[in-house]
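To find a chain, count down the sequence lines: A is the first, B the second, and so on, and within it residues start at 1. Only a predicted model underlies this, so the values are computations on that prediction, with no experimental measurement involved.
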Amino acid sequence: MPDRGPLSGYLSVLNPEQLEAVRHEGAPLLILAGAGSGKTRVITTKIAYLIRERGVEPESILAVTFTNKAAREMAERAAAMEPRAERAVLRTFHSFGSWFLRRNGALLGLDSKFVIYDDDDSTTLLGSIMEDAPRAQAAKAAHAIARAKDYFLSPDDPGLSVIDHREEFRTWYRQYEEKLRAIGNVDFGDLIKRPTELLREHPEVRARFRQRFRVVLVDEYQDSNVAQFELLKELCGPETYLCVVGDDDQSIYRFRGAEVRNILDFPDRFPGTTVIRLERNYRSTSFILQVAGSVVDRNQGRLGKTLTAERGSGKKPTLAFLRDQDEEASFCAELVERSATSGVRYSDWAILYRTNAQSLGFETEFLHRRIPYRVVGSLKFYEREEVKDALALLAFSLNPRDEVAFRRVANKPARGIGAATLERIVAEAARGAPSPDELEDAVLPGDLAAAARRLSPSLSSKARAGVGEFLRVVETGAALLSGGSSAGAGAAKKGRSAEGGLSAGEGLSEFVVRVAIDSGLSDYHRAQDEIAGTQRVANLQELANAASLYPASVEGLVEFLEHIELDRASAAEEASEDSVTLITLHNTKGLEFRRVVMTGLEQGVFPREDKKDDELEEERRLFYVGATRAMDELYLCSCAQRRLYGRTMPTEPSLFLREIDEGAVRVVGRSPSASMGLSAPPAHARGAGASADGLWRVGGRVFHDDYGYGQILSVRESGEGPVVVARFESGRDFRFLPRYQSNSFMRIGDE
DNA sequence: TCACAGTGACTTTTT
DNA sequence: GTCACTGTGA
């Protein structure tokens, strides 16, 4: 190990703990990295260091993260330090699993062209097993199966009863697995579970991978689940250098199967572990850390650490008690607008909320006020009906055994294949008795296209015509893809595209457009557009545009479909012009903003429902994650009432607000505990009117940086614009000339 | 087989 | 307030 001596530039910027973490070698390392402690810097530097100074081959480094965004960022930063780092394998757990299975899945009888089913597809598949069950029930059971896979539980595992103790659940799970295997596709959980099983059952593959990856790094380790832990154990032999980085206080994916014990027990599971703590926070000022820490401190099961702020005390966070979500939205908008006049960029701001549904109010308000914003996550584009239809057709053209895709599009647009006919075809395929001539064509059992063809003569004339049409569509598509889309085919497409309302672009895009038009999906959804004024054809066009990045081949299609399942958020979100970020608390992990507003701090919203024990602790960690995103300023909003299900309900302030250290925040607004004379302005002040521009009205609510929350008592015009007198929570009245106070004095709504 | 209207249920958080 | 599902009638 190169000790002492002047450090090269990229190492000299590290603090002693970070440097120790980068230089550590031997066996295993657990880095407990508090929020904002330079965790990503340590990992990327470590990669560069290993390659540059320890002679490690880039190809032998595997680094896994949980989100694609994190993986990309890591790759970029590592490559900036050391170009050879580009050759390292930097992926999300799931994308690594998929990569692994496409190469080695044959050992499990898995075709390399498999498609990844999302939750919706899994529900459809399970629904075909749970006869007559309403879809909601199938969705619930599908969810339970997903959890079972997170915990590495198979249908015959005794431990399965922890997930769902019903014997019928075990049966559904078993049948679901059988069917999924017969179809030849995988679900999310399989991307972790099946590689692990394969590595266990095939020592030669395990040896090969252990030979290949000498260094394994895991980021956000606190969010790993049991299956991922099992996978790591298979990947890491005695010779492998394993380094995991995480923060138990930021474990927020328990609901998805994340197991905090993974990080808490790491030193026990991997004997000889070195633990290095990074507790210097370079992101936030100390009052912000105090607020975040005082809440998460209440948690029991945690390793415990103390962050120290390297940036000084800064400004106290503001806790604002507001009336309702409308006032909350205008409060946020005012904060942003006000700061914008003094040169703060929109992109310095992030509005955080617990559930995606809460974004709507902010969007409406920001749109109204022309404040640019972007909504991160919740991109439901690939869940849209028309998009899923097109994707199902594409998937079916890859795999005629795909029952889920078949059920979705066989009769869409309606071609006379009703439920009865559909079930007959599915049953026929399951019976799987190919005729002799089909056997010669190597027809796979379960081939739905073949079954439909077989059954066709015995169907009613209407159904027979429909089946014929569907088969024609599928065959045309398959031929187009495998036969190479020649220039001639391209020209033919262009001719038809105008009529379908879609236009073909580069690469795979032509194929997508062709299939959408030829199948009638394009016409079908265009008709829907005309009825409902929707944008479905435009969405199909967007899907086709996204496909243009991929080659027009079977491989290109497989890649495209995988990308959609594993990395659906990226496309629209990269729009990097100056705008406010609207984002769920969960989605903020790994991000930072100069100014952060956490909204909806009310019992039932955040924390959600009456969460108790473990779940409440997870909500606290979520609070911690949200608050520690803020660099300079943090605002917390709590509303006295909130609309839910279209009904306005009174709400209680969040439990977390009581847990915050008194003195670490500045409270504005009528705190429910200390509601001071703000209920109604004195009678003499009523009716005094409004300013000439109509902006300032008696009774209107205002907020001032120094005095907090208040209500307007009187308004009159002067030579310098309106003069406003307001009474604040302290009970004192102050006079303002808003013209000169635009930065510290603002409206937050009318009466 | 399909279109429509009325009725219920429902909201975390995501790879 | 929204969405999905159910039953009815054509």
Looking at A/Y253, I'd like to know if the NZ or CZ of A/R256 sits under 6.0 Å from its six-membered ring centre while staying within 45 degrees of the ring's axis.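 Pair A/R256/A/Y253 counts as cation-pi.
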
Can you tell me how far [atom2] of [N] sits from [atom1] of [X], to the nearest Å?
X: A/L585; N: B/dT13; atom1: CG; atom2: C1'; result: 9 Å
X: A/H586; N: B/dT13; atom1: NE2; atom2: P; result: 9 Å
X: A/R256; N: B/dT12; atom1: CZ; atom2: P; result: 16 Å
X: A/H143; N: B/dT14; atom1: NE2; atom2: C1'; result: 10 Å
X: A/E618; N: B/dT14; atom1: CD; atom2: P; result: 12 Å
X: A/N68; N: B/dT14; atom1: CG; atom2: P; result: 14 Å
X: A/D150; N: B/dT13; atom1: CG; atom2: P; result: 17 Å
X: A/L616; N: B/dT12; atom1: CG; atom2: C1'; result: 15 Å

Between [options], which nucleotide gets closest to the side-chain atoms of [X]?
X: A/N587; options: B/dT12, B/dT14, B/dC2; answer: B/dT14
X: A/T355; options: B/dT15, B/dC2, B/dT12; answer: B/dT12
X: A/N411; options: B/dT13, B/dT15, B/dC2; answer: B/dC2
X: A/E615; options: B/dT13, B/dT12, B/dC2; answer: B/dT12
X: A/N356; options: B/dT15, B/dT14, B/dT12; answer: B/dT14
X: A/T92; options: B/dT14, B/dT12, B/dT15; answer: B/dT15

Kindly indicate whether the side chain of A/I43, heavy atoms from C-beta on, has any atom under 4.5 Å from the side chain of A/M74.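 A/I43 vs A/M74: side chains touch.
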
Is any side-chain heavy atom of A/R261 closer than 4.5 Å to one of A/V226?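 The answer is no; the side chains never approach within 4.5 Å.
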
Has A/Y253 got its ring stacked on B/dT14, by the test of a centre gap below 5.5 Å and a plane angle below 30°?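 Check failed, A/Y253 does not stack on base of B/dT14.
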
For the base of B/dT15 and the side-chain ring of A/F188, does the geometry meet a stacking cutoff of under 5.5 Å between centres and under 30° between planes?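 Yes, the aromatic ring of A/F188 stacks with the base.
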
Tell me if the aromatic rings of A/F93 and A/F66 count as close, with their centers under 6.0 Å from one another.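 Close enough - the centres of the two rings lie under 6.0 Å apart.
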
Between A/F266 and A/F229, is the ring centroid distance below 6.0 Å?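 Here the rings of A/F229 and A/F266 have centres that are no less than 6.0 Å from each other.
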
Expected rows: protein N/O vs nucleotides 6-10 of chain C N/O, under 3.5 Å:
none

Could you check whether [X] gets within reach of a base, just the sugar-phosphate, or nothing at all, counting any heavy atom under 4.0 Å?
X: A/F66; result: sugar-phosphate
X: A/D119; result: base
X: A/A136; result: nothing
X: A/T421; result: sugar-phosphate

Partners of A/F656 by ring pair (Phe, Tyr, Trp, His ring centres under 6.0 Å), sequence neighbours excluded?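 Scan of A/F656 (ring pair (Phe, Tyr, Trp, His ring centres under 6.0 Å), adjacent residues dropped) gives A/F606, A/F623.
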
Could I get the full list of ring pair (Phe, Tyr, Trp, His ring centres under 6.0 Å) partners for A/F209, not counting sequence neighbours?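 Once residues adjacent in sequence are excluded, the partners of A/F209 under the ring pair (Phe, Tyr, Trp, His ring centres under 6.0 Å) criterion are A/F100.
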
Nearest-Å distance once atom P is located in both B/dT13 and C/dA4: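 After rounding to an integer number of Å, I get 15 Å for this pair.
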
May I ask you to say whether A/E385 pairs ionically with A/K412, meaning some side-chain N is under 4.0 Å from a carboxylate O?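 Result for this pair is yes, salt bridge flagged.
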
Could you pick out which residue, A/T584 or A/A463, lies toward the 5' side of DNA chain B when each is mapped onto its nearest nucleotide?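 Going by which nucleotide is closer to the 5' end, it is A/A463.
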
